[in-house]
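Reviewing the structure listed below.
If you're wondering where the values come from, they're calculated on a predicted model, not measured in any experiment.
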Amino acid sequence: MASSSTGMYVSVDFHYNGFFSPNPLVYLDPVKTNVRDVDFGGFTYKEFLLWLTKLTNGACDNVYYCMRKESLCEGIRRIDSDADYWEFVETVYSLESDSLESKLDVYIDHRNEPILDWADNEFLADGKGYESDYMDEEDDKDSEVSMTMEYEHEWDDEEEHTFDKTVGDPFLDKLSGHISDDDEEEANNGKLKDVVFPVHNENQEWEQMVPVLGMKFSNPLELKLCITNYAVKNGYDLWYEKSDHERLLVKCCKGKTNKQGKGCPFRLWATWMSSEKSFQIKSLNDMHNCARVFKFGSIVTYKWIAKHFMNHILQKPKMSIRKLKAKVSKKFNLIASVGQCRNARKYAFQEIEGTLKEHYAKTWSYGEEIRRTNPGSTVKMDVDVMPDGTTYFSKFYVCFKGLKDGWIEGCRRVIGLDGCFLKGICRGQLLSAIGRDANNHIYPIAWAVVSVESKETWKWFIDLLIEDLGMGVGHGLTLISDQHKGLLEAVKERVPAAEHRQCARHICANFLKRFKGQVFRKLFWYAAAATTPAKFEQHMNEIKKLEPLAYDHLMERDPKIWSKAFFQTDRACDAYENGISESFNSVIEVARKRPLITMLEEIRIYVMERLYRQKIKGQSWDLTICPTIRLKLSKLKDLQKFWKVIPSGYQQYEVRLGYDAYVVDIGSRTCACRTWQLTGYPCVHGYACIASLNRDVEEYVSPWFTTSMYLNCYRYTINPLNGSDMWPHVDYINPLPPKRRRLPGRPSTKRKRDQIERENQGKKHSITKRGSVMKCSICRESGHNRTTCPQKPIGESSNASSKKKKSKKADKVKVVLAHEVDIDSESEVEIEPESDVDSFDIEFEEDVQPEVEDGVEPEVQDGVQHEVQDEVQAEVEPENHPEVHDANQVEVHLAVQAEVEPEVQVQVEDANQIVVQDLVEIPAFQVVVGKRARKPSERITKLKIRKMWEGKQGSSDDNPYELD
């Protein structure tokens, strides 16, 4: 209710921070505040409470006011809603504006006391509130008159008069209805007055279940369920001291006492009633002095958890125990053990399995009910009989007579075939046959439930469908489907004369898995949408120029099944996608999560309602052509004005636009672009010709798209069915649910989307290389990279990260000289400390084979053999060898080039000094000079060494690292 300001201000006294006291009703110790400048008519009820909270600086949940010129017990009213507040506002502004003494008192109750009950009791105790509930209208009028009359006398100050003087007279007592206490039992035939006990409502919400003294239950289990719900709701630690099929004793807080040594006083005792077959609470003390608990022990059983979460487990059978435990804790605010949740899940599956057996047992009766209520309908059910005689459900086919008659009389001979998975507790697949009505919308024809989509199940489904529709081997029939292998083979065997189109979207998805790129995608759809072979070849040649393998891939898929250029022209349908089947699968997505018969009933009801709605819609159309086709023609109207029409022979024209020219024959309703023949309504070229003649384009539309054809399609209906309890009984063996097929991997309830759908699903923040084909940077071949390339140079590392790794232990490297010479120990050739010398990376020639000593194989590191020019072999001890960083690189620290004399034996006197004879430069093999990039901690210069030594010794005179 919107507030409306009155612009009037009155005086109101607000009493708060006090309390009410009964007998007599008064408000004690209040804080009184007078308000004169507030327009209460401008407030709503909620705004008034907010304003009052600010005024009193406290909560104002219980607000009362007293009517003027009345006592508190007679005139008190509560403000508890918008209606009460507006009554309060009317009372405020009904005060006389010229009387300054007219005030209204408002009281705030902070203790939640039963004020109105106190007022009623005080009012009745004063003798003013006794009025008969059985007064008639005349008595009401007399009482109103008597209240207005003034009596001349007053009551005497005597004792209260009692009207029991005639008690005891048998005649007078006969109609008075008075019964003495002694005769009460005799008047009730020896029985006490009947007492009405409350009866437990098992459909009540679990939070509202509370045990009440005298409450009756049908059995002890109902009482236990009530007690469990009561304990969980309030957090009471209840336990059963005695529990059997005859009695029940419940107490609280087993073995727990307070500081005074007393336990919780709660006690409930229940047994069977002697007068009737009911389990009743005979005694109950519902008082508690215990704290809330979160672990309830045995009173919360796994069966209780399973019953509360049966629907959750049914919808998500793969729910983990961890998630179930979290849901239980969140919903009931308790701590459930893993064992309880595991047993609850197991018990739920057992209950579902038992219910599922009963569900599948009704399939025979369901089929018989369809045949009874819809004569002429086809219902086929197959079962699998095991060698031991056990019968399992296999297949169930439904085709209502109203649907097949409507398709025969009003739909084009185009059918979409597809299968989708069942997502609920019942596993399997749903096969469907969907037609197109005159408005180009879906028209369900038949559907079937099978255990698995295979060639055999599709053959079974197509046989029944063709028999119902009377299509023979498929002459004049067009089928559209995906690329399921079993379906393709079944169509070839059962309807070989039918045109079988395959969904271009699926073909494109498979094509783009091998040949990625927007260019391939665009050219594919250009080729698929081309209506002439010339246009098709033009776009395919563009693909061939880009990638000949892509061209071969598409031509292997037979363009006759996915390109409009090769479709038959007498079907009034140019669809190259199976969108009608996908639309039907999307509509029944919720139904596919239900059990078998429930799902079939949901589909039947949906189709039955749709037939009725479409019939009413078609009857309301005042059109010759259906609205969807009219919309397409309206779009062509804007395009046809750009084409130039050149008349030729009788009803023949040449339509040109730039370099494009097409021959149109209005008489035969054909165009060289083949669009008119494919769709059944004029193309833009035909529209231009018809418009040039000032004729109505709707006259040249195929009869398949007329409103009369639409009404013929929806003229038939599906008759309703009775409830499941009224289905006829069939003397067949009840089938069991089909055995579960364990597929590899984790099962998924979502449809697997192809790459195109995933890319168009939403925006992404980064790209991915998933699915891309690698190409080697060395040989330029696909399928591998340079790391595993067979043409990789031998000296190149096979692991790119190996350069970053350091060898923990240097290997022995031998260099063989052509002449064995002795190196004098006094030679100037020496290896200086690592901090002062340059480092050289030695790379070996690929075409030089090292000289191998007798019985010694050349050392190979990381699969690459070290090859040395000039057949040089030297041995360096590992502890003094310079650091080796890569298997293909060896660092040698050299200070100078030494000249050696021939025929001198090489002698190594020191690990860091090598004396060489023979006038040969030491690096006789190829040496690539370069410095290793040192870490900052390794970069120790002479200046740093000098500073370190001066810092310790105070002088650099005796610095051993100082060089001359």
Side-chain angles (χ1 to χ4, degrees), residues 353 355-386 390-404 417-434 444-469 486-487 490 494 581 584-585 588-608 718-719 721-722 724 727-741:
E353 188 69 23
T355 307
L356 206 58
K357 292 180 181 179
E358 299 175 0
H359 190 86
Y360 276 89
K362 298 280 287 185
T363 50
W364 291 116
S365 299
Y366 175 68
E368 189 63 26
E369 177 68 11
I370 294 177
R371 296 190 190 96
R372 186 187 67 83
T373 56
N374 292 265
S377 300
T378 304
V379 180
K380 297 290 184 180
M381 178 175 166
D382 282 4
V383 294
D384 294 333
V385 181
M386 298 292 104
T390 307
T391 304
Y392 292 96
F393 173 86
S394 178
K395 298 182 285 290
F396 193 93
Y397 171 87
V398 179
C399 182
F400 288 91
K401 180 176 175 53
L403 294 178
K404 57 184 177 183
L417 300 177
D418 195 17
C420 57
F421 287 93
L422 306 184
K423 300 183 178 182
I425 192 64
C426 296
R427 295 299 179 180
Q429 287 185 285
L430 179 72
L431 309 182
S432 60
I434 311 298
I445 304 172
W447 52 88
V449 178
V450 296
S451 57
V452 62
E453 184 181 5
S454 63
K455 177 181 177 180
E456 297 300 325
T457 54
W458 272 117
K459 288 167 59 177
W460 174 79
F461 180 78
I462 292 175
D463 286 342
L464 295 174
L465 179 66
I466 296 302
E467 182 180 355
D468 287 333
L469 302 181
L487 176 57
R494 291 298 188 260
S581 296
F584 179 73
N585 295 339
I588 63 172
E589 182 178 4
V590 177
R592 286 189 284 151
K593 299 179 181 179
R594 306 292 177 81
L596 175 65
I597 300 179
T598 308
M599 178 195 66
L600 294 175
E601 277 292 271
E602 292 288 345
I603 296 175
R604 180 191 64 85
I605 294 173
Y606 160 73
V607 175
M608 182 175 64
I718 296 178
N719 298 330
L721 271 66
N722 292 325
S724 60
W727 292 349
H729 177 71
V730 180
D731 294 332
Y732 293 139
I733 299 176
N734 295 331
L736 297 175
K739 293 183 177 180
R740 290 184 174 272
R741 298 175 61 249

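- Atom CG of residue Leu469 and atom CD1 of residue Ile462 lie 11.5 Å apart, to the nearest 0.5 angstrom.
- Within the 4.5 Å cutoff, the side chain of Arg372 has no heavy atoms near those of the Trp727 side chain.
- The minimum heavy-atom distance linking Val450 with Lys395 is given by the pair CG1-CG, 3.7 Å.
- Remark: Gln429 engages Glu453 in a side chain to side chain donor-acceptor pair (under 3.5 Å) (not counting sequence neighbours).
- How far CG of Leu600 is from CD1 of Ile370: 7.5 Å, rounded to the nearest 0.5 Å.
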(request) List the steps and the verdict of side-chain contact (heavy atoms from CB on, under 4.5 Å) for Phe461 and Leu417. (result) CA-CA 10 Å; Phe461 180 78; Leu417 300 177; 4.2 Å; yes

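- The OH atom of Tyr397 lies 4.0 Å from the CG atom of Asp468; values are rounded to the nearest 0.5 Å.
- A salt bridge links Arg371 with Glu368: at least one charged nitrogen is closer than 4.0 Å to a carboxylate oxygen.
- Residues Lys362 and Ser724 share a closest heavy-atom pair of NZ-O, 3.1 Å.
- Side-chain contact between Trp447 and Leu403 is present, with at least one heavy-atom pair separated by less than 4.5 Å.
- Side-chain atoms of Arg494 and Ile466, non-hydrogen and from C-beta on, never get closer than 4.5 Å to each other.
- When side chains are defined from C-beta on, Tyr360 does not count as touching Thr391, because their heavy atoms never get closer than 4.5 Å.
- Atom OG1 of Thr363 sits about 6.5 Å away from atom CZ of Phe396, to the nearest 0.5 Å.
- Here the NZ atom belonging to Lys593 is positioned 13.0 Å from the CD atom belonging to Glu602, to the nearest 0.5 angstrom.
- Counting all heavy atoms, side chain and backbone alike, Ile434 lies closest to Pro444 at CD1-CA, 3.9 Å.
- Put simply, the side chain of His359 reaches to within 4.5 Å of the side chain of Thr598, judged on heavy atoms.
- Separation of atoms CG (Asp382) and OG1 (Thr457) is listed at 11.0 Å; rounding is to 0.5 Å.
- The main-chain N or O of Pro728 is found under 3.5 Å from a side-chain atom of Ser365 such that the two form a donor-acceptor pair.
- In terms of heavy-atom proximity, Lys401 sits nearest to Pro375 at CD-O, 3.1 Å.
- Between Met599 and Cys426 the shortest side-chain heavy-atom distance does not fall below 4.5 Å.
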(request) Any chance you could lay out the side-chain contact (heavy atoms from CB on, under 4.5 Å) test for Leu721 and Asn374, step after step, and finish with the verdict? (result) CA-CA 9 Å; Leu721 271 66; Asn374 292 265; 3.9 Å; yes

(message) Under the criterion side-chain contact (heavy atoms from CB on, under 4.5 Å), I'd like the reasoning laid out for Lys404 against Thr378: C-alpha separation, chi angles, the key distance, then a yes or no.
(response) CA-CA 10 Å; Lys404 57 184 177 183; Thr378 304; 3.4 Å; yes

(request) Begin from the C-alpha positions of Lys380 and Trp460 and carry the test side-chain contact (heavy atoms from CB on, under 4.5 Å) through to its verdict. (result) CA-CA 10 Å; Lys380 297 290 184 180; Trp460 174 79; 4.2 Å; yes

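- For Ile733, the CD1 atom is loosely surrounded, since the number of other residues' heavy atoms within 6.0 Å does not exceed 12.
- Electrostatic pairing of Arg594 and Glu601 does not count as a salt bridge here, judged by no charged N lying under 4.0 Å from a carboxylate O.
- No side-chain heavy atom of Val398 sits under 4.5 Å from any side-chain heavy atom of Arg604.
- Around the NZ atom of Lys455, the shell of radius 6.0 Å holds more than 12 heavy atoms that belong to other residues, nucleotides or ligands.
- Shown here are the ring pair (Phe, Tyr, Trp, His ring centres under 6.0 Å) partners of Tyr732, two or more places apart in sequence or in another chain: Trp364.
- For the pair Val379/Tyr366, no side-chain contact is recorded, criterion being any heavy-atom separation below 4.5 Å from C-beta on.
- Between the side chain of Asp384 and the backbone N or O of Tyr392, no donor-acceptor pair lies under 3.5 Å.
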